[in-house]
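Everything numeric here is computed off the predicted structure, so don't read it as measured data. For the numbers below, each heavy atom of this structure counts, side chains included, while hydrogens, waters and symmetry mates do not. The chains referred to below are lettered A, B, ... by the order of the sequence lines, with proteins before strands, and numbering in each begins at 1.
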Amino acid sequence: MKEVIKNIVKESIKKIYNIDTNPQIQLPKEESFGDFASNVAFLLSKPLKQKPQDIANNIADSLKNMPYFEKVEALNGFVNMKLSNSFYEKLLFDFLENPIDYLKDEAIFEAFGIKKEDKINLEYVSANPTGPLHLGHGRGAVIGDVLYRLFRFFDIKVDREYYINDAGNQVNLLTKSILHYIDKDKYPFPKDGYKGDYVKDLAEEFLKDHPSKENINFEELKDFAISKMMEDIKNTLKLLNIEFDTYFSERTLKDDVERVLKLLEEKNAIEEKEGAIWFKSKDEDKDRVLRKSDGSYTYFASDIAYHLNKYERGYKKAIDLWGADHHGYIPRLKSALEVLGIPSDWLSVELFQIVRLFKDGQEVKMSKRTGEMIKLQEVIEDLGADNLRFMFLTKKADTPLDIDINLVKAQNSENPVFYVQYAYARTMGIKRQLKEPFVFGFYKDNYTYEEEEIDLIKRILSSKDMLFDGIVKKDPSLVVKLSLDIAKSFHKFYNTHKVITQDETTTKKRISLVYATQKIFDIIFDILNIKAPEVM
RNA sequence: GUGUCUGUAGCUUAAUGGAUAAAGCGCAGGUCUCCGGAACCUGAGAUUGCGGGUUCGAAUCCCGCCAGACACGCCA
């Protein structure tokens, strides 16, 4: 949409001044300024040595007579454009002829800095297999999943990956904790060990197949625990309709880790001291340990190896989704990757902030059932997958999120999920009401539109820019915002105008609008991966 | 202490360096002889933490201060 306007303005400037520009098109703050505005006159002011207002006047004059615009005016140096209803109508029917084609945009590849054949790696969740998923993991999982669906919608090739930390200290610690519950006398509970009922459950389950408490094979127990935990994690993710293309095991990196150390050594980026091997960072004031004095590798070392591995698998870009508490770790990793010759914009790390749960104004921290940390699975069971998915995306990832249980269960417009789904249910209601000769679809014609109708059309058409932005900014919350915007416009339209009237032309016009609303919702719900309810 | 980030209506949040800072909740007042009122409309409410600077223009960029979160481990 913006792109269309941009090219029109660009052409016009070329005609007047014979120069190439890249005019910015923005949505004006105030409605009376029109539908689109450009500040291009300010930018041309210096090179042309003319007042912004004069330039804006010239541009406005040349745009005025075009059929796209109802009104073009130069105000305070801005060029304000109001599109004609007929132009909006044309775009609306373009959309209706083929919604998906209308929304897709080849320009996304360039905007995102890739070519069409390039593949992206999207890594998220990657929770340690040392316990069940909790609420925070859910947020990362849903953000990742919707991001994936957005990419896919625009035909960007992307693989979803889950990195399993099955090699380090933590899984050993889990195994030792289980051992303790197998034989309390023989194995003391380890320092910083894992508590919680699931550890005891793992011990009991292991004993089913291994009745003897003697001669327990540590590695066997560890494998057992990891596979059980991953099974549990996958089941929970499944409840949110989330799956992965690849589960990547840290253990398979052993050779890569050693290779990384050699490569870093060649670049003179490591140093041995106090029996350990350190990475000499240029970007940080502190050196970081890669290999501990006991000979084992740190998480940092395998993480470098893991990302090198991804890079060598041919991905043009890698996106990682991390909890915001890891933000200090980013410069370290990027710095090491740069030493290995991987450009710093290859990897982008998106952070998401913590999630808290509230009920009756009080934060809920512990599960009533078990007295432990609330498991993601419990929250899904309580609130429903669709509600939770939607709620996770009501704010930008980088903003802390509070979820109010009472709100999510409320059946009114304060509940954003309800508000949007109710709008959809209303479109279905209209569909059910239609009688001969009307059918639910669209009727192409030249109509005159009233304020609420044209507003709804604008909202629907704005989806193109909004989804585009969602990818460029890697911000899936824009999809939820879009759904709320459209729902609002639709409710207002619905409240002001009857769809089924005595007048045939008016009825056909409004059926077309309701139909368009439903079509865009179908697409949005599909990207969000939530159900579109026919009745509520 | 050092680093990163954040500070916007009473609350929760928006705002590619652009015009009179925008929504939702809350508050006050309204709207169907209604295709789903489970909805809609109107209004009041802001010195964008404080002080400087950069420029045609700053919530946004730079500097200083104040407040908060997070990170600073041979954990992951």
Side-chain angles (χ1 to χ4, degrees), chain A residues 2 24-30 32-33 37-39 41-43 45-46 51-53 75-78 80 126-128 130 165 167-171 173 192 250 273-278 283-303 323-332 351 353-354 394-396 398-402 404 407 410-416 418-419 421-423 425-435 452 469 472-473 477 481 484-485 487-488 490-501 507 510-511 514 535-536:
Chain A
K2 280 187 193 169
Q24 285 182 19
I25 304 299
Q26 56 206 69
L27 305 176
K29 288 245 153 106
E30 183 126 346
S32 65
F33 292 146
S38 181
N39 63 352
F42 290 103
L43 308 173
S45 170
K46 263 192 185 162
K51 283 184 197 159
Q53 182 63 34
L75 186 69
N76 305 331
F78 288 88
N80 293 332
S126 296
N128 281 354
T130 51
N165 292 115
N169 224 347
Q170 299 303 316
V171 281
L173 204 52
D192 300 323
E250 184 185 359
K273 62 184 179 194
E274 297 156 26
I277 294 176
W278 303 68
D283 300 327
E284 289 187 302
D285 45 1
K286 276 185 195 164
D287 293 346
R288 307 289 180 177
V289 170
L290 291 163
R291 200 181 73 186
K292 304 181 219 168
S293 51
D294 67 1
S296 65
Y297 296 104
T298 59
Y299 180 83
F300 180 40
S302 39
D303 227 14
D325 52 340
H326 290 81
H327 72 270
Y329 188 78
I330 301 170
R332 203 179 309 174
L351 302 173
Q353 293 283 352
I354 53 161
T394 49
K395 284 186 190 170
K396 280 191 300 191
D398 202 26
T399 306
L401 175 68
D402 290 343
D404 181 345
L407 186 69
Q411 299 288 300
N412 59 45
S413 64
E414 286 178 42
N415 177 357
F418 179 87
Y419 186 77
Q421 292 187 329
Y422 181 50
R426 278 181 148 176
T427 68
M428 291 305 297
I430 294 289
K431 185 180 176 182
R432 284 191 296 270
Q433 292 286 336
L434 290 183
K435 289 190 195 109
E452 293 79 10
D469 275 2
V472 174
K473 294 178 180 167
S477 77
K481 187 174 167 8
L484 285 164
D485 287 346
K488 185 175 183 179
F490 181 76
H491 282 310
K492 185 167 181 176
F493 158 79
Y494 186 93
N495 232 290
T496 316
H497 303 290
K498 285 200 68 167
V499 176
I500 301 162
T501 66
T507 304
R510 291 188 181 148
I511 290 173
V514 176
V535 288
M536 304 196 61

Tell me the interatomic distance from [X], atom [atom1], to [N], atom [atom2], rounded to whole angstroms.
X        : N      : atom1 : atom2 : value
A/Leu484 : B/rC25 : CG    : P     : 11 Å
A/Phe42  : B/rC56 : CZ    : C1'   : 7 Å
A/Leu43  : B/rG57 : CG    : P     : 15 Å
A/Tyr329 : B/rC75 : OH    : P     : 13 Å
A/Leu173 : B/rA76 : CG    : P     : 11 Å
A/Gln353 : B/rU6  : CD    : P     : 10 Å
A/Asp325 : B/rG3  : CG    : C1'   : 16 Å
A/Lys51  : B/rG57 : NZ    : P     : 16 Å

Exercise for the section: Output the single nucleotide from B/rG18, B/rA76, B/rC74 whose closest atom is nearest the side chain of A/Phe78. Expected result: B/rG18

Could you work out, with side chain to side chain contact (heavy atoms under 4.5 Å, CB included) as the rule, every residue matching [X], not counting sequence neighbours?
X        : value
A/Ser413 : A/Tyr419
A/Asn39  : A/Gln24, A/Gln26, A/Phe42, A/Leu43, A/Phe78
A/Asp402 : A/Arg356, A/Phe358
A/Ala324 : A/Leu351, A/Gln353

Practice task
May I ask you to decide if the ring planes of A/Phe300 and A/Tyr329 are parallel, tilted or perpendicular, using 30° and 60° as cut-offs?
Solution key: perpendicular

[atom1]-based separation of [M] from [N] [nearest Å]:
N      : M      : atom1 : value
B/rU12 : B/rG7  : C1'   : 14 Å
B/rA58 : B/rC74 : C1'   : 47 Å
B/rG53 : B/rA15 : C1'   : 24 Å
B/rC61 : B/rG37 : C1'   : 49 Å
B/rU33 : B/rA59 : P     : 47 Å
B/rC70 : B/rU13 : P     : 15 Å
B/rG49 : B/rA9  : P     : 8 Å
B/rG18 : B/rG52 : C1'   : 23 Å

Exercise for the section: Compare the ring of A/His326 with the six-membered ring in the base of B/rA76 and state whether they stack (centres under 5.5 Å, planes under 30°). Expected result: yes

Sequence neighbours left out, what passes salt bridge (charged side-chain N to carboxylate O under 4.0 Å, His left out) with [X]? Give chain and number order.
X        : value
A/Arg291 : none
A/Lys492 : none
A/Asp404 : none

Exercise for the section: Apply side-chain hydrogen bond (donor to acceptor under 3.5 Å, both in side chains) to the pair A/Thr130 and A/Gln170, showing each step before the final yes or no. Expected result: CA-CA 7 Å; A/Thr130 51; A/Gln170 299 303 316; 5.9 Å; no

Exercise for the section: Could you run through nucleotides 8-17 of chain B and give me one letter per nucleotide, 5' to 3': B if any protein heavy atom sits under 4.0 Å from the base, S if only the sugar-phosphate is that close, - if neither? Expected result: ----SSSSB-

Exercise for the section: Indicate for each nucleotide in nucleotides 30-43 of chain B, in 5' to 3' sequence, whether protein heavy atoms under 4.0 Å reach the base (B), only the sugar-phosphate (S), or nothing (-). Expected result: -----BBSBBSS--

Need one value for [X]: base, sugar-phosphate or nothing, where a base atom within 4.0 Å counts as base even if backbone is also close, heavy atoms only.
X        : answer
A/Ala423 : nothing
A/Asn80  : base
A/Thr298 : sugar-phosphate

Fill in the blank from the handout: Across all chains, not counting sequence neighbours, the side chain to side chain donor-acceptor pair (under 3.5 Å) partners of A/Ser126 are A/Glu123

Exercise for the section: Please check the phosphate of B/rG3 (OP1 and OP2 only) for any side-chain N or O of A/Lys286 closer than 4.0 Å. Expected result: no

Problem - Heavy-atom side-chain contact between A/Arg426 and A/Val514 under 4.5 Å - result: no

Handout entry: Intra- and inter-strand pairs of RNA chain B in dot-bracket (Watson-Crick or G-U wobble, both distances under 3.5 Å; | for another strand)
Key = (((((((..((((....[...)))).(((((.......))))).....(((((..]....))))))))))))....

Fill in the blank from the handout: Result for 5'-nearest mapping on RNA chain B, choosing between A/Gly328 and A/Lys292, is A/Gly328

Handout entry: Contact nearer the 5' end of RNA chain B, comparing A/Lys46 with A/Ala324
Key = A/Lys46

Handout entry: Sequence-distant partners of A/Tyr297, ring-ring contact (aromatic ring centres under 6.0 Å, His included), two or more places apart
Key = none

Practice task
State, to 0.1 Å, how close A/Ser296 and A/Asp294 come at their nearest heavy-atom pair, and which atoms those are.
Solution key: OG-OD1, 2.7 Å

